[in-house]
> 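Sharing a structure here in structure tokens format.
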Amino acid sequence: MNQNTQLPRSVTIQELPSLVGTVIGQSRPITVPQDRIDAFAEATEDRQWLHTDPDRAKDGPFGSTIAHGYLTLSLSTALLWDVLDVTDADQVVNYGLDKVRFPAPVPAGSAVSMSLEILEVQDIKGGVQMRYRGSATIADQPKPVCVAEGIFRYYKGQS
């Protein structure tokens, strides 16, 4: 649920093409505490000390543990729901990603939010395919922490 004071932008499938080139808005922040990082490390078996050992990480390159890049990326779908609601889509499919980058780290305890820009909307059988750029940021960090182009498909009349 969006705890932002602004609600997601509600549009129909038919309205999506008119939003190409538009930054839709900014999501709520999602905090990434050490226990979430540890759970992700266990789920993915990526237990590198930079993510899981706060004592050792204090003397590391970032001064603390940091979230896995893929943990940050995995939050993008939840953050997208905060920004955009396609009201008449009967089915939504996360179709994939293009051009994923992690320009800056996410220190444990940081809150990640994402802006959403619609890059392209194409007709597909039964609906549309939307390509977007999600730029995830944290406070006091001039660079984004994750920039990814995602592809979602919105279908109408299918379940």
Side-chain angles (χ1 to χ4, degrees), residues 1-4 6-33 36-48 50-52 65-108 110-138 141-159:
M1 181 173 146
N2 185 346
Q3 296 180 6
N4 227 348
Q6 78 183 82
L7 297 173
R9 181 156 181 185
S10 295
V11 300
T12 64
I13 289 174
Q14 186 176 351
E15 292 172 315
L16 276 174
S18 70
L19 299 175
V20 170
T22 303
V23 175
I24 301 299
Q26 186 80 18
S27 74
R28 69 184 158 118
I30 295 178
T31 302
V32 184
R36 180 174 266 185
I37 295 169
D38 293 340
F40 190 86
E42 287 305 308
T44 60
E45 297 189 23
D46 179 356
R47 300 177 187 97
Q48 185 186 52
L50 195 56
H51 306 299
T52 61
T65 55
I66 60 170
H68 303 73
Y70 286 119
L71 169 55
T72 306
L73 178 63
S74 72
L75 297 174
S76 63
T77 298
L79 297 171
L80 179 137
W81 301 133
D82 279 358
V83 179
L84 181 66
D85 179 25
V86 181
T87 57
D88 61 343
D90 297 320
Q91 185 179 38
V92 181
V93 175
N94 180 344
Y95 193 68
L97 295 164
D98 289 332
K99 299 182 184 177
V100 177
R101 300 290 183 265
F102 306 106
V106 176
S110 298
V112 176
S113 61
M114 183 179 81
S115 66
L116 177 76
E117 178 184 3
I118 308 294
L119 299 176
E120 179 180 49
V121 176
Q122 297 176 309
D123 289 332
I124 58 171
K125 185 178 179 179
V128 297
Q129 177 172 286
M130 176 188 77
R131 192 166 56 88
Y132 70 90
R133 178 179 300 116
S135 297
T137 57
I138 59 175
Q141 170 57 265
K143 289 184 182 179
V145 295
C146 179
V147 179
E149 291 182 9
I151 304 167
F152 268 55
R153 289 185 166 186
Y154 295 91
Y155 296 96
K156 187 171 183 175
Q158 299 184 13
S159 28

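Keep in mind that this is a model prediction, so the values were computed, not measured. Below, each value reflects all heavy atoms present in this structure, side chains not excepted, and no hydrogens, waters or symmetry copies.
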> How long is the straight-line distance from CD of Glu42 back to OG1 of Thr52, given to the nearest 0.5 Å?
8.5 Å
> Quick one: are Leu16 and Val86 in side-chain contact, heavy atoms under 4.5 Å?
yes
> Mind checking what makes ring pair (Phe, Tyr, Trp, His ring centres under 6.0 Å) contact with His51, not counting sequence neighbours?
His68
> Does any non-hydrogen side-chain atom of Val32 lie less than 4.5 Å from one of Ser110?
no
> Hey, could you give me the OH/OG1 distance between Tyr70 and Thr44, rounded to the nearest 0.5 Å?
11.0 Å
> So which heavy atom on Pro105 is nearest to which on Gln141, and how close?
CD-NE2, 4.4 Å
> Restricting to side-chain contact (heavy atoms from CB on, under 4.5 Å), what partner residues turn up for Ala78, sequence neighbours left out?
Arg28, Ile30
> Go through it in stages, so that I can follow the logic: the residues are Leu73 and Leu97, the test is side chain to side chain contact (heavy atoms under 4.5 Å, CB included), and I'd like the CA-CA distance, side-chain angles, deciding distance and then a yes or no.
CA-CA 10 Å; Leu73 178 63; Leu97 295 164; 3.6 Å; yes
> Leu84 versus Tyr154: any side-chain heavy-atom pair under 4.5 Å?
yes
> Grab the two heavy atoms, one from Lys143 and one from Pro103, that are nearest each other, plus how far apart they are.
CD-O, 3.8 Å
> Return the minimal non-hydrogen interatomic distance between Tyr155 and Lys125, and the atom names on each side.
CE2-O, 3.4 Å
> If the condition is side-chain contact (heavy atoms from CB on, under 4.5 Å), which residues does Ala108 pass it with, not counting sequence neighbours?
Gln34, Ile37, Thr65
> Could you pull out all residues at least two apart from Arg36 that satisfy side chain to side chain donor-acceptor pair (under 3.5 Å)?
none
> Can you tell me how far apart CG (Leu71) and SG (Cys146) are? Round to the nearest 0.5 Å.
10.5 Å
> Working to the nearest 0.5 Å, report the span between OG of Ser27 and CG of Asp82.
5.5 Å
> Rounded to the nearest 0.5 Å, what's the gap from CG on Asp85 to CG on Leu80? Could you check?
10.0 Å
> Show me the side-chain donor-acceptor pairs of residues 112-123 shorter than 3.5 Å, one per line, residues at least two apart or across chains.
unit_1: Ser113; atom_1: OG; unit_2: Gln26; atom_2: NE2; d: 2.7
unit_1: Glu117; atom_1: OE1; unit_2: Arg133; atom_2: NH1; d: 2.8
unit_1: Glu120; atom_1: OE1; unit_2: Arg131; atom_2: NE; d: 3.2

> Are side-chain heavy atoms of Pro107 and Ile138 found at a separation under 4.5 Å?
yes
> Say whether, by atom type as modelled, one donor and one acceptor occur between the side chain of Asp90 and the main chain of Gly157 under 3.5 angstrom.
yes
> Might you point out which heavy atoms bring Arg47 and Ala41 nearest each other, and give the distance in Å?
CG-O, 4.0 Å
> Mind checking what makes side-chain contact (heavy atoms from CB on, under 4.5 Å) contact with Thr12, not counting sequence neighbours?
Gln14, Glu15, Thr87, Asp88
